[in-house]
Amino acid sequence: MTDGLRKGLASYGDAGFSLFLRKAFIKAMGYSDDALDRPIVGITNTYSDYNPCHGNVPDIIEAAKRGVMLSGAMPFAFPTISIHESFSHPTSMYLRNLMAMDTEEMIRAQPMDAVILIGGCDKTLPAQVMAALSADLPTVVIPVGPMVVGHHKGEVLGACTDCRRLWAKYRAGEIDESEIEAVSGRLAPSVGTCMVMGTASTMACVTEALGLSLPMSATIPAPHAERFRLAEASGRIAAALAKAKGPKPSQFLTKSSFRNAQVVMQAIGGSTNGLIHLTAMANRTVHKVDLDAFDKLGREVPVLVDLKPSGEHYMEHFHHAGGVPKLMKQLGDLIDLDAKTVEGKTLREIVASAEEVPGQDAIRDRKNPIKPEGSMAILHGNLAPRGAVIKQAAASERLLQHTGRAVVFESVEDMTLRVDDPDLDVKADDVLVLRNAGPKGAPGMPEAGYLPIPKKLARTGVKDMVRISDARMSGTAFGTIVLHITPESAVGGPLALVRNGDMIRLDVAKRSIELLVDQAELKKRHAVLKPAAAQDWARRGYGWLFNETILQADEGCDFDFMRGRGKG
Ligand code: FES
């Protein structure tokens, strides 16, 4: 038998001795032979004092363990890397693939018959799911859940759409130092992930739509008792999977599962980061996310969930309105209801038991959408030969067709130094351009694509401008912002050729982003383009690996050698 504790023995050349040794050591924890003979469910522990989003992980682990044991299996929690958005230098995305490798290898290295992944803060769920899809062990995901909302002067507040909105007000001189201090204590009033439709919420909804987590798992607020009951139920399912040895993700995730996830991502007003992560996740399987097909879906799928930054509500309102099952019900024939979930149910069964909540207004029906088209559109053009993305649901309508003069920043540092310079030559209808902020350029493609409105314009009431870059942007941000320009400027993409004063045309209806400079001139500029200088961060260790093997945004920013499932 090669299950339970017998699985993946350390190699001492004598299997009997290897098992004897393993048992001898683990008995130091006080376990009985009865406990050690059970099927094993591994549980990731991403609790960290640096990660407030994961503050409820110890309680989720306890509840999940309870579920596993009530079903006659044995839980083993184990640590992996934990990544929090604002505690990860240079950016959390730089570490996502490291977390994916860590998680995959620990799932493979340690004996377990099923695994429970507990994560949530932006890059953690994608990293964990990428790992699980490659390891292809029976898997149940438990998102940590969103924070509850905060309140300030009679207003409902949430991280981090309102962080950005109120910080912009502070920059514009509309609120003072003491008020912004007070706000900082109210934006994140509980543990859990950002409670708007940022990347964390997007990926929790995507994971639920894929069927890798239980119904309502994306939306139950992090501190609510219901989340711990969900964790217990997830523990029971994981124990059943461990006993039955399946299904593995590869046995129930189909092309339709990934299509459903894309439909849900468009309909929730999902984060642009979600597209990179779902692409990377699909690339760990035999399936693919095709950017043009995703854009086509966006023309058919309306935004139905009324959540910030595209709408008004917060995750707890989405939850009380019926969550992802109710959303999928409203989406009707746009979802393939034959797709299966980890419980062995079809989405048809899940949708049939979606709660009807009279008078709720957080999940619209298709006749009355928040936006007639989906959250995101894919742009192409001479500036983005391999594509770029715009979250049109969170953009200003009047700027979706716009031509303006380029104001170029060479890097994130350059932008930080000059954007508020009173002498900066910038007008409200210009296009702010940021380059060298892509996967290799920055490195890790920081969320710098939300370029601040230059202070001198902000003070005159300018709230939005067209901004373009090869960077990413937080899903919680609002603005007419073109992101993920591919190929990035640091590898010689056309963004590197833009000069101050060039005209740039954005036309979202035509899905185009063009630099209005003739081809002969662009050729001349390309000929004198200097190759990027070697970076200190890329000389050794993880930085070297990252720099040598990171893929561009259209391929999910995974490492080139990590695609596919591996040996299992
Ligand atoms: Fe963790 Fe927003 S900072 S989800």
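Whatever order the structure lists ligands and atoms in, that order sets their numbers, starting from 1. What you see is a predicted model, and the numbers here were worked out from it, not measured in a lab. Index from 1, following the sequence.
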Run the side-chain donor-acceptor check on residues 230-237: report pairs under 3.5 Å with partners two or more places apart or on a different chain.
{"residue": "Glu232", "atom": "OE1", "partner": "Arg66", "partner atom": "NE", "Å": "2.8"}
{"residue": "Glu232", "atom": "OE1", "partner": "Arg66", "partner atom": "NH2", "Å": "3.3"}
{"residue": "Ser234", "atom": "OG", "partner": "Leu230", "partner atom": "O", "Å": "2.8"}

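- The ligand atoms of ligand 1 that sit less than 4.0 angstrom from a heavy atom of Thr193 are 4 (S).
- Every atom of ligand 1 is numbered from 1 in the order shown, and the set under 4.0 Å from a heavy atom of Cys121 is 1 (Fe), 3 (S), 4 (S).
- For atom 1 (Fe) of ligand 1, the N/O/S atoms of His84 include none lying under 2.8 Å.
- For a distance bound of 2.8 Å, the N, O or S atoms of Cys194 include none lying that close to atom 1 (Fe) of ligand 1.
- Comment: Arg563 engages Glu555 in a salt bridge, judged by a side-chain N to carboxylate O separation of less than 4.0 angstrom.
- Within the 4.0 Å heavy-atom criterion, the part of Ala200 lying near ligand 1 is the side chain and not the backbone.
- Taking the six-membered ring for Trp and the full ring otherwise, His287 and Phe258 have centroids separated by under 6.0 Å.
- Using cut-offs of 30° and 60° on the angle between ring planes, the pair Trp537 and Tyr94 is perpendicular.
- With ligand atoms numbered from 1 in the order given, ligand 1 contributes 1 (Fe), 3 (S), 4 (S) to contacts under 4.0 Å with heavy atoms of Cys53.
- For the pair Arg164 and Tyr450, the cation-pi criterion (under 6.0 Å, within 45° of the ring axis) is fulfilled.
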